[in-house]
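Step one of this worksheet: look at the structure below.
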Amino acid sequence: MAAENGRLKRDTYRHGDLRNALIKAGLELARKGGPEAVVLRATTRQAGVAPNAAYRHFADRGALLHAVSQAAMAQVARTMEAEQAGLPPAAEAADTARARFRAVGTGYLRFAQEEPGLFRTAFHVPGDMTHAADDTAAGAGGKTPFELLGAALDDLVESGLLPQDRRPGAEFLAWSAVHGLAALLIDGPLRGLHPTQAHDAGQHVIDMIERGI
């Protein structure tokens, strides 16, 4: 076992992949236990390296948790992208814009319910919008969840479904409503809803956002 552990450590260092290995390990811990489960010792054990190895890349647990949080946010973005990619083609640009906007919210809610540990971790840190556009939180298309929402709103304006004068700040209204439902579904009194009821609630909230922005 010691020889095996030694081999794992040498491979990790030789390929220069220790940082990513620790983030991946942190994601697995977060998936099962949320942000509280992401601790340095458990992460290094999961990655198969010595406990002090993490300090080569992360100053402390907070730095590690931030990196894992950003990686979890990128997974939110990929789920939203997948929801958009699965849309059937539409004949009109306005129909496409509307469907892509709704897919942003649907994908967000789907991720929260399918991966509650990662969802909680994605929004655990930081305490402001400083990193909302960082590449570390972006999906395959290069946009973060916040940027995907913004792009969908811009498409609504371009297609004539959202007046230009109502665009400023619309992302905060839409995000607040969908995130509030997500929190209620995974941590609040709505967590006992049947999946069909939860889906319907999500669509009704998105309907409400469409009418309100």
Side-chain angles (χ1 to χ4, degrees), residues 19-20 22-38 43 62-87 97 99-156 169-188 190-191 193 195 198-199 201-203 205-206 208-210 213:
R19 188 178 192 279
N20 287 332
L22 291 170
I23 292 173
K24 182 178 179 180
L27 285 169
E28 288 305 310
L29 292 167
R31 174 173 282 114
K32 299 173 184 176
E36 293 78 12
V38 183
T43 305
L64 171 64
L65 182 55
H66 170 69
V68 174
S69 172
Q70 290 291 100
M73 190 71 76
Q75 294 201 18
V76 178
R78 285 192 285 273
T79 301
M80 294 161 70
E81 289 173 334
E83 197 73 34
Q84 290 183 326
L87 293 171
R100 289 181 65 79
F101 170 73
R102 295 184 66 88
V104 164
T106 301
Y108 190 94
L109 289 167
R110 178 160 68 87
F111 185 89
Q113 294 171 85
E114 292 179 353
E115 296 282 7
L118 291 179
F119 186 80
R120 296 182 189 106
T121 304
F123 294 98
H124 187 69
V125 289
D128 55 32
M129 297 293 294
T130 303
H131 302 283
D134 281 3
D135 290 345
T136 52
K143 289 185 172 65
T144 68
F146 187 69
E147 291 174 324
L148 286 168
L149 173 57
L153 287 164
D154 290 341
D155 287 346
L156 290 180
E171 56 266 73
F172 298 113
L173 298 176
W175 188 11
S176 297
V178 173
H179 188 86
L181 177 60
L184 289 170
L185 287 171
I186 66 173
D187 289 322
L190 299 186
R191 60 185 180 275
L193 286 185
H199 173 77
Q203 296 307 298
V205 165
I206 296 170
M208 180 185 69
I209 295 167
E210 277 196 275
I213 57 174

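These values consider heavy atoms only, across backbone and side chains, with no hydrogens, waters or symmetry-generated copies. These numbers come from a predicted model, not from an experiment.
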Chi angles and distances behind the side-chain contact (heavy atoms from CB on, under 4.5 Å) call for Gln75, Arg31:
CA-CA 11 Å; Gln75 294 201 18; Arg31 174 173 282 114; 3.6 Å; yes

Could you walk me through whether Phe123 and His179 satisfy the side-chain contact (heavy atoms from CB on, under 4.5 Å) test, starting with their C-alpha distance in whole Å, then the side-chain angles of each, then the deciding distance to 0.1 Å, before giving a yes or no?
CA-CA 10 Å; Phe123 294 98; His179 188 86; 3.8 Å; yes

Could you walk me through whether His124 and Val38 satisfy the side-chain contact (heavy atoms from CB on, under 4.5 Å) test, starting with their C-alpha distance in whole Å, then the side-chain angles of each, then the deciding distance to 0.1 Å, before giving a yes or no?
CA-CA 11 Å; His124 187 69; Val38 183; over 6 Å; no

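Between Ala138 and Ala74, the shortest heavy-atom contact is O-CB, 3.2 Å. The minimum heavy-atom distance between Ala112 and Ala182, with the atom names listed, is CB-CB, 3.8 Å. Of all the heavy atoms in Val68 and Leu27, the pair that sits closest is O-CD2, 3.8 Å. Among all heavy-atom pairs drawn from Thr43 and Gly26, the shortest one is CG2-N, 3.8 Å. Taking each heavy atom of Val76 and Ala122 in turn, the nearest pair found is CG2-CB, 4.3 Å. Closest non-hydrogen pair, Ala174 versus Leu149, comes out as CB-CD1, 4.2 Å.
Rounded to the nearest 0.5 angstrom, Phe101 CZ and Asp154 CG are separated by 11.5 Å. Annotation: the span from Arg191 atom CZ to Leu184 atom CG amounts to 10.0 Å, rounded to 0.5 Å. Rounded to the nearest 0.5 angstrom, Met80 CE and Arg100 CZ are separated by 10.5 Å. In this structure, Leu190 CG and Leu193 CG are separated by 5.0 Å, a value rounded to the nearest 0.5 Å. Here CD of Gln203 is found 8.0 Å from CG of Leu109. Values are rounded to the nearest 0.5 Å. Within the model, atoms CZ of Phe119 and CG of Asp187 stand 9.0 Å from one another, a figure rounded to the nearest 0.5 Å.
Contact check for Leu65 versus Thr121: side-chain heavy atoms found under the 4.5 Å cut-off. The closest side-chain heavy-atom distance from Leu181 to Val178 is not below 4.5 Å.
Of the N and O atoms on the side chains of Glu115 and Thr79, not one donor lies less than 3.5 Å from an acceptor on the other residue.
Remark: the backbone N or O of Phe172 is paired with a side-chain donor or acceptor of Ser176 at under 3.5 angstrom. At least one donor-acceptor pair under 3.5 Å links the side chain of Thr144 to the backbone N or O of Ala132. The main-chain N or O of Thr136 is never found under 3.5 Å from a side-chain atom of Asp134 such that the two would form a donor-acceptor pair.
For Arg102 and Glu83, the salt-bridge test fails: no basic side-chain N is under 4.0 Å from an acidic carboxylate O. Salt bridge status for Arg78 with Glu81: absent, with no side-chain N to carboxylate O gap under 4.0 Å.
For His131 and His66, the gap between ring centers is short of 6.0 Å.
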